[in-house]
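Notes to accompany the following structure.
Excluded from the calculations below are hydrogen atoms, water molecules and symmetry mates; all remaining heavy atoms, backbone and side chain alike, are included.
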Amino acid sequence: MCGRYSIYESMDHYLRQLSLDLVVINGYDHAPINRFNVAPSTRVEIIRPVDDGLSVDRVKWGWSPFWAKGKRPDPINARAETVLTGKFFKDLWPGGRALAPANGWFEWIPDPADPKRKQPYYITSANGAPLYFAALAEVHQNTEPDERDGFVIITAAADQGLIDIHDRKPLVLPPELAREWIDPTTSPQRAATIVEQGCMPAAQFRWYPVGKAVGNVRNEGESLITPMNNENHQGQLEF
């Protein structure tokens, strides 16, 4: 998974689609989020369990344990195959489970004739429903952001036609599994099963080429997710 995604509906929209039984205890802006080009190290909304229910927080995309800070850029993704057993993310598992709501994500496909030339693609749900990326987060509820705070998105191996776009994809959970993922009563064993088996299949996504303006982190707006030539192309690469 490349390091860009979109989240542009209001938080109410993402929460309603989850049909949550848990109470969202903190306030949040009801206006559309309007982020079409979320980049690493920027702060963006996530949903996470807390003692009295759920909390919506704006957290930096990227995280490292204290002993790895400054040695390299904070990773933004964690591989499903190793995240539960590896040393790097052990401080986040299982208590740091969170959701990163989204509308889609971007991948860049090298031209076989010229690897330096890359075409961005946008991947979103086939039915227009919001996406929920399984995430792990560290958040300290202070008046100011804490330098320890951050989150990573769990990624899984791509399947079917999506392998043509990238060999990894976000661990996108359907609403019923997304609810389980952030339910404090969900056991670590059940959460591990969700990581291993819960990702939505490629058939539930569509993807199409978009303009190269998304490559600049300063660019924003709906035009970044508009199909090139106003056409959708599922499972088809173009250069």
Side-chain angles (χ1 to χ4, degrees), residues 1-20 22-50 53-63 74 76-77 96-107 120-139 141 143-146 149-155 169-175 178-179 181-182 200 205-208 210-211 213-227:
M1 173 188 171
C2 281
R4 302 290 175 81
Y5 69 93
S6 70
I7 170 174
Y8 52 78
E9 307 283 359
S10 69
M11 185 52 63
D12 277 337
H13 178 76
Y14 303 106
L15 293 170
R16 281 199 307 270
Q17 301 302 313
L18 286 174
S19 301
L20 295 164
L22 299 169
V23 176
V24 181
I25 64 169
N26 67 328
Y28 52 87
D29 195 335
H30 294 262
I33 295 172
N34 282 336
R35 298 281 301 278
F36 293 88
N37 195 8
V38 177
S41 78
T42 62
R43 295 173 63 221
V44 64
E45 285 79 359
I46 63 170
I47 305 166
R48 63 187 187 91
V50 291
L54 295 174
S55 180
V56 174
D57 300 279
R58 295 187 74 237
V59 182
K60 185 190 75 170
W61 184 18
W63 180 89
D74 290 344
I76 58 173
N77 299 325
R97 299 196 306 266
L99 292 174
N103 294 91
W105 76 96
F106 298 91
E107 301 288 359
Y121 273 70
Y122 184 64
I123 303 101
T124 187
S125 60
N127 62 2
L131 307 179
Y132 300 95
F133 300 156
L136 295 173
E138 179 176 6
V139 182
Q141 289 186 316
T143 55
E144 297 294 332
D146 192 298
D149 290 356
F151 76 96
V152 293
I153 293 170
I154 300 176
T155 65
K169 65 180 178 181
L171 182 63
V172 184
L173 302 178
R179 287 194 296 271
W181 180 254
I182 55 172
M200 289 170 52
F205 300 99
R206 63 188 178 97
W207 51 92
Y208 52 82
V210 294
V214 68
N216 187 329
V217 297
R218 293 187 294 272
N219 290 334
E220 266 293 354
E222 189 173 358
S223 63
L224 299 181
I225 64 170
T226 300

Run the side chain to side chain donor-acceptor pair (under 3.5 Å) test against D149 and tell me which residues pass, sequence neighbours left out. H140
Enter the distance from I153:CD1 to F133:CZ here, rounded to the nearest 0.5 Å. 5.5 Å
Minimal heavy-atom distance between I76 and G3, with the atoms involved, is CD1-CA, 3.7 Å
Rounded to the nearest 0.5 Å, what separation is found between the CH2 atom of W63 and the CG atom of D74? 9.0 Å
Set of residues satisfying ring pair (Phe, Tyr, Trp, His ring centres under 6.0 Å) with respect to Y122, sequence neighbours excluded: F106, Y208
H30 vs S10 side-chain heavy atoms within contact, under 4.5 Å: no
With a 4.5 Å limit on heavy-atom distance, are the side chains of H13 and P101 in contact? no
For A213, is there any backbone N or O sitting under 3.5 Å from a side-chain donor or acceptor partner on N219? yes
Nearest heavy-atom pair of P32 and Y8: which atoms, and what distance? CB-O, 3.5 Å
Give me the atom names and distance for the closest heavy-atom approach of Q17 to P175. O-CB, 3.8 Å
Within the distance-only criterion (no hydrogens, no angle test), does the side chain of E220 pair as donor or acceptor with the backbone N or O of R35 below 3.5 angstrom? no
Side chains of E138 and D146: closer than 4.5 Å at any heavy-atom pair? no
When every non-hydrogen atom of G211 is compared with those of P120, the smallest separation belongs to O-CG, 3.4 Å
How many angstroms lie between atom CZ of R206 and atom CD1 of I123, to the nearest 0.5 angstrom? 11.5 Å
Has D57 got a side-chain atom pairing as donor or acceptor with V59's backbone, closer than 3.5 angstrom? no
For A39 and T42 the tightest heavy-atom approach is O-OG1, 2.5 Å
Counting N and O atoms only, with roles assigned by atom type, does the side chain of R48 sit under 3.5 Å from a partner on the main chain of G96, one being a donor and the other an acceptor? no
Taking all heavy atoms of V217 and all of N37, pick out the closest pair and write down the distance. CA-ND2, 3.8 Å
Answer yes or no: is there a side-chain heavy-atom contact under 4.5 Å between L136 and R97? yes
Look at the side chain of Y132 and the backbone N and O of Y14, then say whether any donor-acceptor pair between them is shorter than 3.5 Å. yes
Could you tell me if the side chain of F151 sits less than 4.5 Å from the side chain of V44, heavy atoms only? yes
What's the separation between atom NZ in K60 and atom CD1 in I46, rounded to the nearest 0.5 Å? 12.5 Å
Evaluate F205 against V172 for side chain to side chain contact (heavy atoms under 4.5 Å, CB included), listing each step before the verdict. CA-CA 10 Å; F205 300 99; V172 184; 3.9 Å; yes
With rounding to the nearest 0.5 angstrom, report the CZ to CG distance, R179 to L54. 12.0 Å
Would I225 and T124 count as a side chain to side chain contact (heavy atoms under 4.5 Å, CB included) here? Give the steps. CA-CA 10 Å; I225 64 170; T124 187; over 6 Å; no
Would you check, one step at a time, whether the test ring-ring contact (aromatic ring centres under 6.0 Å, His included) holds for Y5 with W61? CA-CA 11 Å; Y5 69 93; W61 184 18; 5.0 Å; yes
Atom pair CG (N103) and CG (L131), whose distance is rounded to the nearest 0.5 Å: 7.0 Å
